[in-house]
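Each chain gets a letter, A, B and so on, in the order the sequences are listed, and its residues count up from 1. Since this is a predicted model, take the numbers as computed values, not measurements. Just the heavy atoms: all of them, side chains too, but no hydrogens, waters or symmetry mates, feed the values below.
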Protein chains: 2
Amino acid sequence: MRITPYGRARTSRQRDTIAEAVELIGAAFTVDDLVCAIRDRRAGAGVATVYRAVSAMEESGWIERVGSREGRALYARCRGGAHHHHAVCTSCGTVLATDCPLEAAALSAEVEHGFTVTAHEVTLYGLCRTCQVSENNAAGDGD
Amino acid sequence: MRITPYGRARTSRQRDTIAEAVELIGAAFTVDDLVCAIRDRRAGAGVATVYRAVSAMEESGWIERVGSREGRALYARCRGGAHHHHAVCTSCGTVLATDCPLEAAALSAEVEHGFTVTAHEVTLYGLCRTCQVSENNAAGDGD
DNA sequence: TACGCAAATGAGAATGATTATCACTTCTCG
DNA sequence: CGAGAAGTGATAATCATTCTCATTTGCGTA
């Protein structure tokens with residue numbers, strides 16, 4: 001089963017444009033990022049449409065929610081497959097996938113507290129290699 | 001330095017009531033939970049006041065944000081001290097502290113991707129021992 | 001190819017949590 | 001006491017997200 005941006009839902013000019021914008025951004029994005037990105041393009045889409053498209057893409061597993069940024073939900077292209085989590089660069093938005101480190105923690109919670117873990121959220125924030133280099137170069141520039 | 005609910009900020013009848021409500025609930029809570037809890041009490045407090053009190057308590061380190069529930073921010077009494085994370089019972093709201101399992105993951109992200117982790121979020125959701133027992137007893141009751 | 005209808009669209013209203021405003025009250029401290 | 005800083009609260013404002021509903025469109029089918 002091949003995963004398409006919208007699963008087996010209907011496609012449209014707007015949804016194509018939105019999916020392209022996701023690919024184009026290539027990093028973590030908010031709904032607002034998409035709205036801005038497609039403003040330039042000939043085939044625009046209303047805010048409600050973008051929200052609906054994002055929901056559809058999330059439902060189909062093409063993207064996933066990876067956290068939030070300033071009160072806005074943050075999404076990223078889904079790598080599919082195995083259970084994993086995300087490292088989000090707070091400077092450029094790059095998203096890296098990391099293995100799930102919680103099997104041990106979940107086990108520990110179960111053993112120590114009798115707590116059964118049914119879900120968990122993990123997101124790392126920091127700087128990707130590229131942005132670290134930029135910051136080093138910019139060091140001393142002031143602001 | 002002894003941690004009080006509001007740090008070195010001024011206290012008041014309302015803030016005392018709010019802090020008491022936090023203790024009374026003894027589990028993860030939302031601002032709305034507090035508003036409801038103090039409605040019964042003689043010393044009420046406006047919504048704005050509760051929000052301000054929660055901010056003050058969070059700033060002083062007496063409580064911490066542990067996630068969100070249905071779009072509302074979720075808080076819990078802070079255990080203070082070492083870096084840790086939370087296991088939130090999705091049934092009763094009980095909050096357990098767990099050790100941070102991310103040192104290995106953060107290290108892995110750094111080694112594999114050159115990613116420097118500056119912050120991270122971890123929350124486990126599931127059922128505490130008590131609620132597991134309740135669910136077992138209720139099994140077969142239908143809904 | 002034409003038809004029918006479920007699904008998608010979009011402009012704007014509605015929702016709902018959180019924050020800001022501002023006049024007023026109440027501590028704190030000299 | 002008196003001043004000023006901090007807290008209060010009713011309400012307006014903000015802001016992301018969802019809903020509404022009339023209209024359009026994709027797509028399977030006759």
Between [N] ([atom2]) and [X] ([atom1]): distance, integer Å:
{"X": "D16(A)", "N": "dT9(C)", "atom1": "CG", "atom2": "C1'", "value": "14 Å"}
{"X": "R15(B)", "N": "dT26(C)", "atom1": "CZ", "atom2": "C1'", "value": "13 Å"}
{"X": "E59(A)", "N": "dA7(C)", "atom1": "CD", "atom2": "C1'", "value": "14 Å"}
{"X": "M57(A)", "N": "dA8(C)", "atom1": "CE", "atom2": "C1'", "value": "14 Å"}
{"X": "R69(A)", "N": "dA16(D)", "atom1": "CZ", "atom2": "C1'", "value": "14 Å"}

Taking N or O atoms only and anything under 3.5 Å, show me the protein contacts with nucleotides 16-20 of chain C, one pair per line.
| unit_1 | atom_1 | unit_2 | atom_2 | d |
| --- | --- | --- | --- | --- |
| dT18(C) | OP1 | A73(B) | N | 3.0 |
| dT18(C) | OP2 | Y51(B) | OH | 2.6 |
| dT18(C) | O5' | Y51(B) | OH | 3.4 |

Discussion item. Between Y75(B) and L34(B), is there a side-chain heavy-atom distance shorter than 4.5 Å?
Written reply: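 No, too far: nothing below the 4.5 Å cut-off.
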Discussion item. Distance check, rounded to the nearest 0.5 Å: I18(A) atom CD1 versus I63(A) atom CD1?
Written reply: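 Nearest 0.5 Å value for the CD1-CD1 distance: 10.0 Å.
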Closest heavy-atom pair and its distance - [X], [Y]:
{"X": "R15(B)", "Y": "Y6(B)", "value": "O-OH, 2.7 Å"}
{"X": "A21(B)", "Y": "A37(B)", "value": "CB-CB, 4.2 Å"}
{"X": "F29(B)", "Y": "R77(B)", "value": "CE2-N, 4.4 Å"}
{"X": "A28(A)", "Y": "A76(A)", "value": "CA-CB, 4.4 Å"}
{"X": "G7(B)", "Y": "S60(B)", "value": "N-CB, 3.3 Å"}
{"X": "G44(A)", "Y": "Q14(A)", "value": "O-CG, 3.4 Å"}

Polar pairs (N or O, both sides) under 3.5 Å between protein and nucleotides 1-4 of chain D?
none

Discussion item. For a quick check of understanding: with a heavy-atom distance under 4.0 Å over all strands, which category does A53(A) fall into, base, sugar-phosphate or nothing?
Written reply: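 The answer is nothing, as A53(A) stays clear of every strand by at least 4.0 Å.
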Worksheet item: So what does T11(A) touch, heavy atoms closer than 4.0 Å: a base, only the sugar-phosphate, or nothing?
Response: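 The answer is sugar-phosphate, as T11(A) gets under 4.0 Å only of primed atoms, P, OP1 or OP2.
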Discussion item. Once salt bridge (charged side-chain N to carboxylate O under 4.0 Å, His left out) is applied, what residue pairs with a partner in residues 24-35 of chain B remain, sequence neighbours excluded?
Written reply: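 For residues 24-35 of chain B: D33(B)-R69(B).
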Quick one: side chains of residues 45-59 of chain A, donor-acceptor pairs under 3.5 Å with protein atoms, not counting sequence neighbours, listed by atom name and distance.
| unit_1 | atom_1 | unit_2 | atom_2 | d |
| --- | --- | --- | --- | --- |
| S55(A) | OG | Y51(A) | O | 3.3 |

Quick check on [N]: is either OP1 or OP2 less than 4.0 Å from any side-chain nitrogen or oxygen of [X]?
{"X": "R13(B)", "N": "dG7(D)", "value": "no"}
{"X": "S12(B)", "N": "dC27(C)", "value": "no"}
{"X": "T49(B)", "N": "dG9(D)", "value": "yes"}
{"X": "Q14(B)", "N": "dG7(D)", "value": "no"}

Identify the pairs formed between an N or O of the protein and an N or O of nucleotides 13-15 of chain C at a distance under 3.5 Å, and give each distance.
none

Worksheet entry | Estimated bend of the helix from dT1(C)-dA30(D) to dG30(C)-dC1(D) (axis per five terminal pairs, rounded to 10 degrees) |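 The helix from dT1(C)-dA30(D) to dG30(C)-dC1(D) shows an end-to-end axis angle of 30°.
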